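Given the structure is predicted, the values throughout are model-derived calculations rather than measurements. Convention: sequence-line order gives letters A, B, ...; per-chain numbering from 1.
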Amino acid sequence: MTSPPPEEEKVADEHDTLRYSLLGPSLTKSGQDNVDQQKVSEIIYNASKGSKYFENEKSRDKNLTQKIERILSTKKQLEKLDLASDRRKADDFIAELELTRDLSQTIVHIDCDAFFAAVEELDRPELKDLPFAVGKGVLTTCNYHARKFGCRSGMAGFVAKKLCPQLIQIPLNFDKYTSKAQEIRELIVDYDPRFESASIDEAYLNITEYCQKNDISPEEAVEQLRREVHEKTKITISAGIAANAKLAKICSNLNKPNGQFILPSKRPAIMAFMRDLPTRKVNGIGRVFERELDAIGVKTCGDIYTYRQFISKLFGEKAFAFLMQCYLGLGRTSVQPAEEYERKSVGTESTFGEMSDPTQLREKLRATAEELEKDMIRTQFKGRTLCLKIKLHTYEVFTRQTIPPKAVYLADDIYKFALPMLSKLEHEFPGMKLRLLGLRCTHLASMKKPDTMAFFGFKKRPTPDSPEVGETMSPPPKRKVELLSNTTEEEEEQWQKWPDELLFEDAERQEREDEYQELEFLSQEIDKRRHHGKEILPNPTPKKVLEEKESREESIEEEWWDCPICNRPQAQDERSFNEHIDLCLSRQTIRDAVQESADNDRARVVVREATPTNKRRTRNEKRDKSGKVGDPKQRRLFFG
DNA sequence: GCGGATCAC
DNA sequence: TATGGTGATCCGC
């Protein structure tokens, strides 16, 4: 790539990259090892050729090729300069990162093998020996028979049929997968009550404590877990065991299906492992970044070190930090229930036959708004920002956003504020033909929060069996002490944004009061018949805790923890207990503040200083202050 | 803050 | 014959 290739070669090269791109994003997945990729890509290419989809992919590929040319030309310029300081900067950064290495935890990533297909096979055993896929238009997954033909997830159905004419396609049954996934979660929760669901068929566990308590090696523990899951649910899972989530995730793919891989938690072993690991195996490096890295000479994570002096100028600081961690094999060692992550957006979108009639488009927009309203109520959020997304018949995607005068969640409001954006787009692209329309709310304002409800005097003591999530065995007295003592910087940072939200909500209290009762009812109703897989259910209660609870209930009457502020008895549930105390404290503080002064600013200051309590405290929480180092959630590309 | 782009599943 | 939906992050402007 250093000297410009002759014209014919260049054309061939473009087609090669396009071919590669058309293979789809799941190329690195298992079950493809014995497949003739050359042949497969030829078939996909020919099946796609000439379609609008293909043309769009071609255009995207061309853009990427140009971007890579710019990267290479920048690199060439950089090579003329003295990069000693950049190299030193990288080395300093690497040294700093090295200090954060934590090899004390045992993290496991588990991944169900061809999950949807496996669940379907349970109901229809006759499928077992046939190639089949789940999903009609686009395959969500396929069994290992189908993979031998080159079929993979994300592939268009008709393309898959070209690869494998006998392929059977069956429709999605999301409810079935959700309930099967829940069965599995009820088993793995015994290995780590605070396990993290990464998706419907994946989870992270920290088994450090489990191994200690049961005097068992990580391999044995995971074999036992996998055996147990297989025996009780008939689903096979693969697992990776390593010192952090990033490595565990990579490892879970190495012995798929129905296998496990352990990477020893020793620095030399980890460094050697990363040195030869293709960049694409790392979660967060996709087809595009892989090509960009490849262009500058980085094929494996070990190569990152060789080119360390170029990376930040070529790809930015975030990518630099991310790649340095890849080189070192660093990743987060914390695992926490998915529901503890803060939601950032709620949205819905759908694809349909090409549509250009403005009236029809408005109907579609209206229907999308109705759909979004349901999701907003289900998740109990309002959006301060509303985003409209369209995909033209050419597959080009555009988004537009607006900030309505008030946070929205009702279909009427959503439609009202989305319509002008649509009209504007119609003006921008006269006679536009759409194949997709979507709406999304961001900058969310919560409308639930049990504390907010109670805060404003709305009824409702926590019932003993309300949320049983996150129940732990740690005793309450210890928590009281932490709670009433000093706060860390990190905590302040966390709850600083809270009073703003509170004031915002306060301003809207009036109009919301009428809505609460109905909303709560609605959200419960929607919850009941939900299950279309948009969300992950809260962690189940560990078996052990359930048993203890049962025996408690049989013998003595229910025990309670007394709230140190209001003295009222509370359910023995750390999470709800926390929430209750937070609520009591903030209510008390605000009353005090309001009494002292009617001045809003003053009240705000007092609130800020005196209620360091809104933050959810969890057992595992401590460091991560070094924000740059541990990514908050593994699936995110970078962190900040 | 906005819009495009990438990524994961 | 006709290539998905949900959610998150990063970058350049």
- Query: Between B:dC7, C:dA2, B:dC9, which nucleotide gets closest to the side-chain atoms of A:F289?
  - Reply: B:dC7
- Protein-nucleotide distance (A:E396, atom CD; B:dA5, atom C1'), rounded to Å: 14 Å
- Task: Determine the contact category for A:E202: base if any of its heavy atoms lies under 4.0 Å from a base atom, sugar-phosphate if only primed atoms, P, OP1 or OP2 are that close, otherwise nothing.
- Result: sugar-phosphate
- Message: Side-chain N or O of A:K249 versus OP1/OP2 of B:dC9: is the shortest distance under 4.0 Å?
- Response: yes
- Not counting sequence neighbours, which residues clear salt bridge (Lys or Arg N to Asp or Glu O under 4.0 Å) with A:K136? List them please. none
- Query: Nearest-Å distance, CZ (A:R280) to P (B:dA8)?
  - Reply: 6 Å
- How does DNA chain C look in dot-bracket notation if pairs are Watson-Crick or G-U with both distances under 3.5 Å, crossing ones as [ ], other-strand ones as |? ....|||||||||
- Item | A:L437 CG - C:dG5 P separation (whole Å) | 11 Å
- Message: Whole angstroms only, please: what is the CE-C1' distance between A:M355 and C:dA2?
- Response: 16 Å
- Message: Counting the atoms with a prime plus P, OP1 and OP2 as sugar-phosphate, which does A:R400 contact under 4.0 Å by heavy atoms, base, sugar-phosphate, or nothing?
- Response: sugar-phosphate
- Nearest to side-chain heavy atoms of A:R435, which nucleotide of C:dT3, C:dT6, C:dC11: C:dT3
- Item | A:H443 NE2 - B:dC2 P separation (whole Å) | 7 Å
- Ignoring backbone atoms, test whether A:R440 places a side-chain nitrogen or oxygen under 4.0 Å from the OP1 or OP2 oxygen of C:dG7. yes
- Message: Pick the closest DNA chain C nucleotide for A:A156 and for A:V346 by heavy atoms, then say which residue is nearer the 5' end.
- Response: A:A156
- Task: Round to a whole Å and report the spacing from NZ of A:K49 to P of C:dT1.
- Result: 19 Å
- Message: Can you list everything that forms a salt bridge (Lys or Arg N to Asp or Glu O under 4.0 Å) with A:R400? Sequence neighbours excluded, please.
- Response: A:E428
- Using a 4.0 Å heavy-atom cut-off across all strands, classify A:T399 as base, sugar-phosphate, or nothing. sugar-phosphate
- Item | Phosphate contact (C:dT3 OP1 or OP2) by A:Y395 side-chain N/O below 4.0 Å | yes
- Message: Test of understanding: with side chain to side chain contact (heavy atoms under 4.5 Å, CB included), list the residues that count as partners of A:T233, not counting sequence neighbours.
- Response: A:K180, A:E183, A:I184, A:L187, A:V229, A:I235
- Message: Expressed as a whole number of angstroms, how long is the span from A:N46:CG to C:dA2:P?
- Response: 19 Å
- Task: Pick base, sugar-phosphate or nothing for A:G286, based on heavy-atom distances below 4.0 Å to the nucleic acid.
- Result: sugar-phosphate
- Item | Candidates C:dT6, C:dT3, B:dC2 - which lies nearest the side chain of A:Q401 | B:dC2
- Item | Phosphate OP1/OP2 of B:dC9 contacted by A:N283 side-chain N/O (<4.0 Å) | yes
- Query: Quick one: is B:dT6 close enough that its OP1 or OP2 comes under 4.0 Å of any side-chain N or O from A:R60?
  - Reply: yes
- Can you check whether A:S345 has a side-chain N or O nearer than 4.0 Å to OP1 or OP2 of C:dA8? yes
- Item | Nucleotide nearest A:D201 (side chain, heavy atoms from C-beta), chosen from C:dC10, C:dG4, B:dC9 | B:dC9
- Item | A:K58 NZ: over 12 foreign heavy atoms closer than 6.0 Å | no
- With heavy atoms under 4.0 Å as the rule, sort A:F398 into base, sugar-phosphate or nothing. sugar-phosphate
- Phosphate-side-chain proximity, A:K52 and C:dT3, N/O vs OP1/OP2 below 4.0 Å: no
- Residues pairing under ring-ring contact (aromatic ring centres under 6.0 Å, His included) where one sits in residues 367-395 of chain A, two or more places apart or in two chains, turn out to be A:Y53-A:Y395
- Nearest-nucleotide 5' precedence on DNA chain C, A:S350 against A:G316: A:S350
- Message: Surrounding NZ of A:K176 (heavy atoms of other residues, nucleotides or ligands, distance under 6.0 Å), is the total greater than 12?
- Response: yes
- Residues in salt bridge (Lys or Arg N to Asp or Glu O under 4.0 Å) with A:R308, at least two apart? A:D91
- Query: For the rings on A:F174 and A:F116, is their centre-to-centre separation under 6.0 Å?
  - Reply: yes
- Whole-Å distance, A:E371 CD to C:dG7 C1', equals 16 Å
- Item | Interatomic spacing from CG in A:L361 to NZ in A:K364 - rounded to 0.5 Å | 9.5 Å
- Any N or O donor-acceptor pair linking the side chain of A:S48 to the base of C:dT3 at under 3.5 Å? yes
- Message: Is the phosphate of C:dG7 approached by A:R343 (side-chain N or O, under 4.0 Å from OP1 or OP2)?
- Response: yes
